[in-house]
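Here the structure comes first, spelled out in structure tokens, and everything after it is commentary.
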Amino acid sequence: MKYFFFAVFSLLVSSLQLAAEESIPLRAGPLSMTFDVDNVMLRFVRVGKAEVLRGINAPVRNQFWGTVPPRVSDIRLQESDGSFQLTFDVKCQERDIDFLWKGRIVGNSDGHVVFTFDGEAHSTFLRNRLGFCILHGPSAAGQAWRIEDIHGNETPGHFPKFIAPDQPAKNIRAISHEIAPGVWAHVRCEGDTFEMEDQRNWTDASFKTYCTPLEIPYPVKVVQGTRISHKVQISLRGDLSQLLRDNQPTEEVTLSLVEGGQALHTLPGIGLQLSSQVDQLEAAQITRLKALNMDHLRVTLTPASDSFASVLEQASTQAKALGVSLHVGIQVGEKPARELQRLADAIRITQPPVSAWLVLAADQEKFQLARQILGSVVPVSRIGTGEDTNFTELNRNRPVDSRVQMVSYGMNPQCHAIDTPTMVENLEIQADTVHSARQFVGDRPLLISPVTLRVQQVRQAPLAGELPSNVDARQPSVFTAGWTVGSIKYLSQAGADSLTYYETVGWKGVMSPGGDFPLPDIFPAKPDEVYAVYHVLRAVGEFAGGEVREVRSSDGLSAIGLALAKNGRTRLLVANLSDRARSIRILGLTPGDVELFHLDANNETTARSDPEAFSRRSGQWLSVSRKPLQLHLAPYGIAQLDQGS
């Protein structure tokens, strides 16, 4: 195995102190990478276009698995001859947690990078995790690896192709994997025992190698004065010359519409959850929601509670007003037979229009009991199982009963990190969950429900001036609208049968409540307005029952496309997923006239305050030839292109 050394010589040696809001590009010989200052993370370690690592960070996670926001200071950078040294201080302080660590990243012209973490607890607190996490990107799936354990033994293997329910590797000291034929990346971890989990279970775009095995009981008490030190080293082996020749970065993104039968997928039925804030829908809200051409309304019932029957009646009333069916999640408690009988009695009285009954977190015994009791009042063909939180629970609790008629699981993009770039990275992994689920679900209907920006449950009560942990202030934003375009795209192309998003009304919904309902100042919405995502769901809803045509992107982390077809009409939704303007080239449109509409910061106010007028607006007419169509999209902007009558 030969080593290939690459160096860029510079006549200038710089020593800089940098502002905390900057993102810092770095180069260590053949390796390029970026230091994300806001999230204190080394990201996108690459040789040319080949990914070595998706990232390295060092989160402090409290006893509720919440990540303490890091605050970075005193950033200093020295660069010379294709090498660098970056140092910084990080303060992780929230409630009873006060932890300070110093970071140092050194890269040399040989492509060797060392990241050190030296921290000290300034208070006594409980933590579930503290220290380095190394993220191998999704391109590693199925690739060969060699793992060295803590005793020095090396074992060959592969990163899992389909999502592994449990840890693929434990007791890790070093991992080598093949990033290209004959080229290996080597990562060595020191300071703790490391193990790996397949983070695609939570729709994270990575395989995470983290410190402190989960077999050790947690939370762990960290006593004031405790010092923790970790080190991660990255090196390369093999001939890198071809990878470096292939490195031709471009600012332009190309979207290509794919031809052929295999590139067509049925558009799943799309619905929303019942509002957790508003008990009754106003007439104007019903009118606006009906314009979405929804497939269903989702509600979760807890039959052990005193209020479940009234919630079922409320959901039934709203579903009938909207002209849709209900999907009902059933949370069975400690007395399943009694609770399920209570639900059966309520069904007899209410006669709800339900097309899917989903027994949540059900083992085989609970499912059979639900089928037996509910089967006396509803068709058993509508009874399935579900896991609300994420794919992990379904992957670890796979339905073995052949009588399970449908399977459901929820997802959100922020189980481990809440920054916008990570949310964008996680979009394509939604498709991986569908492909992996099909390995054990087969052709049974697969319902992705619910899809939310944050985890559904509130794990820790908010402090004064904070939003609850299940609410995201980005809910009304154009970014969320574009993110939803991506979610529908990937889940549809993967073959999901049904999708449930967000809620109808409220700060987790697609529109804000009426004027009598108070909204906190920290939530960026006004009463009686819709959110930007409303217009995406309306644009998609007009093609209900149609098909999704596959669209490929040259840079899926920057821009993506969702193509819809029905009755001779075609609609292409293009979303800029980045915080800067993008030039986008589109291939594969049928020659002819196209009507172009935009949704971005320039017209967002009108779109939210007067959605009816916004939907009646006229677009810009373009003539499409066989040449690529060029678009220019504002940051997080969305374009809608319509062809056909």
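Note that the coordinates shown come from a computational prediction; the quantities given were computed from them, not determined experimentally.
- Counting non-hydrogen atoms of other residues, nucleotides and ligands closer than 6.0 Å to CD of E334 gives a total of 12 or fewer.
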**Request:** Any chance you could lay out the side chain to side chain contact (heavy atoms under 4.5 Å, CB included) test for T302 and F308, step after step, and finish with the verdict?
**Result:** CA-CA 6 Å; T302 306; F308 92 93; 5.5 Å; no
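- Residues R129 and W65 are in side-chain contact: their nearest non-hydrogen atoms beyond the backbone lie under 4.5 Å apart.
- In the displayed structure, Q280 atom CD is contacted under 6.0 Å by at most 12 heavy atoms of other residues, nucleotides or ligands.
- Smallest separation of non-hydrogen atoms from A539 and Q640: CB-OE1, 3.6 Å.
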**Item:** Steps toward side-chain hydrogen bond (donor to acceptor under 3.5 Å, both in side chains) verdict (Y501, T484)
**Value:** CA-CA 9 Å; Y501 287 93; T484 306; over 6 Å; no
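- Side chain to side chain, T480 and Q475 fail the donor-acceptor criterion of an N or O pair below 3.5 Å.
- Each of D166, N390, N201 was compared with N395 under the side chain to side chain donor-acceptor pair (under 3.5 Å) criterion, and only N201 meets it.
- With salt bridges taken as basic N to acidic carboxylate O contacts below 4.0 Å, none links R338 and D345.
- N62 places no side-chain N or O within 3.5 Å of a backbone atom of R127 that could act as its donor or acceptor partner.
- A donor-acceptor pair under 3.5 Å links the side-chain atoms of E339 to the main chain of K335, judged by distance alone.
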**Item:** Derivation and outcome, side chain to side chain contact (heavy atoms under 4.5 Å, CB included), residues F367 and R403
**Value:** CA-CA 9 Å; F367 170 74; R403 292 172 295 182; 4.2 Å; yes
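- Interatomic distance, CD of E94 versus SG of C92, reported as 9.5 Å (0.5 Å rounding).
- Ionic pairing of K508 and D472 is not present here: no N-O contact between side-chain nitrogen and carboxylate oxygen is shorter than 4.0 angstrom.
- A donor-acceptor distance shorter than 3.5 angstrom exists from the side chain of D497 to the backbone of L446, with no hydrogens or angles considered.
- Side chain to side chain, Q285 and T504 fail the donor-acceptor criterion of an N or O pair below 3.5 Å.
- Note that CZ of F162 is 9.5 Å distant from CG of D432, once rounded to the nearest 0.5 Å.
- Counting all heavy atoms, side chain and backbone alike, T452 lies closest to N412 at O-CB, 3.1 Å.
- When the shell of 6.0 Å around NZ of K221 is examined, it contains 12 or fewer heavy atoms from other residues, nucleotides or ligands.
- Listed here is the closest heavy atom pair of I488 and L267: CG2-CD1, 4.4 Å.
- Between T420 and R474 there is a side-chain heavy-atom pair separated by less than 4.5 Å.
- Checking side-chain atoms of S436 against main-chain N and O of I163 turns up a donor-acceptor pair under 3.5 Å.
- Nearest heavy atom pair, residue S492 against residue V548, reads CB-CG2, 3.8 Å.
- Within the 3.5 Å criterion, the main-chain N or O of P165 finds a donor-acceptor partner in the side chain of R396.
- Listed for the R54 side chain is no donor-acceptor partner under 3.5 Å among the backbone atoms of E425.
- H535 contributes no side-chain N or O that, together with a main-chain N or O of L599, makes up a donor-acceptor pair within less than 3.5 Å.
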**Message:** side chain to side chain contact (heavy atoms under 4.5 Å, CB included), that's the test. Do I349 and E313 meet it? Break it down for me.
**Reply:** CA-CA 9 Å; I349 296 171; E313 184 176 0; over 6 Å; no
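- Between S487 and V451, the closest side-chain pair of non-hydrogen atoms falls below 4.5 Å.
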**Message:** Assess the residue pair S469 and Q414 against the criterion (side chain to side chain contact (heavy atoms under 4.5 Å, CB included)); give the C-alpha distance rounded to whole Å, side-chain angles, the decisive distance to 0.1 Å, and a yes or no.
**Reply:** CA-CA 11 Å; S469 61; Q414 299 186 68; over 6 Å; no
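- Identified under the salt bridge (Lys or Arg N to Asp or Glu O under 4.0 Å) test for residues 479-494, with sequence neighbours left out: none.
- Between the CD1 atom of I418 and the CZ atom of R454 there is a distance of 5.0 Å, given to the nearest 0.5 Å.
- Under the 3.5 Å distance criterion, with hydrogens and angles disregarded, no donor-acceptor pair is assigned to the side chains of Q199 and Y210.
- Side-chain atoms of S275 come within 3.5 Å of backbone N or O of Q277 as a donor-acceptor pair.
- Atom CG of N293 and atom CZ of R538 lie 10.5 Å apart (nearest 0.5 Å).
- Proximity of R382 to V354: side-chain heavy atoms (C-beta onward) are nowhere separated by under 4.5 Å.
- Between the side chain of S512 and the main chain of E529, a donor-acceptor pair closer than 3.5 Å is present.
- Here the closest non-hydrogen pair linking L322 and I286 is CD2-O, 3.9 Å.
- Counting only N and O atoms by type, the side chains of T433 and Y409 include a donor and acceptor under 3.5 Å apart.
- Between the side chains of Q456 and Q273, at least one donor N or O lies within less than 3.5 Å of an accepting N or O.
- With rounding to the nearest 0.5 angstrom, the CZ atom of F99 is 8.5 Å from the NE2 atom of H122.
- Two residues are said to be in side-chain contact when any heavy atoms from C-beta on lie closer than 4.5 Å; D204 and I429 fail this criterion.
- Side-chain contact check for S276 versus E503: some heavy-atom pair is nearer than 4.5 Å.
- Using a 4.5 Å heavy-atom threshold, the side chains of L447 and M406 count as touching.
- The 12-atom threshold is exceeded at CD of E466, counting heavy atoms of other residues, nucleotides or ligands nearer than 6.0 Å.
- Between the side chain of Q439 and the backbone N or O of H435, at least one donor-acceptor pair lies under 3.5 Å.
- The distance from atom CZ of F391 to atom CD1 of I448, rounded to the nearest 0.5 Å, is 9.0 Å.
- The residues R298 and D388 are annotated as salt-bridged, a charged nitrogen and a carboxylate oxygen being separated by less than 4.0 angstrom.
- Residues P336 and L369 come closest through the heavy atom pair CB-CD2, 3.8 Å.
- L343 places a side-chain heavy atom less than 4.5 Å from the side chain of L374.
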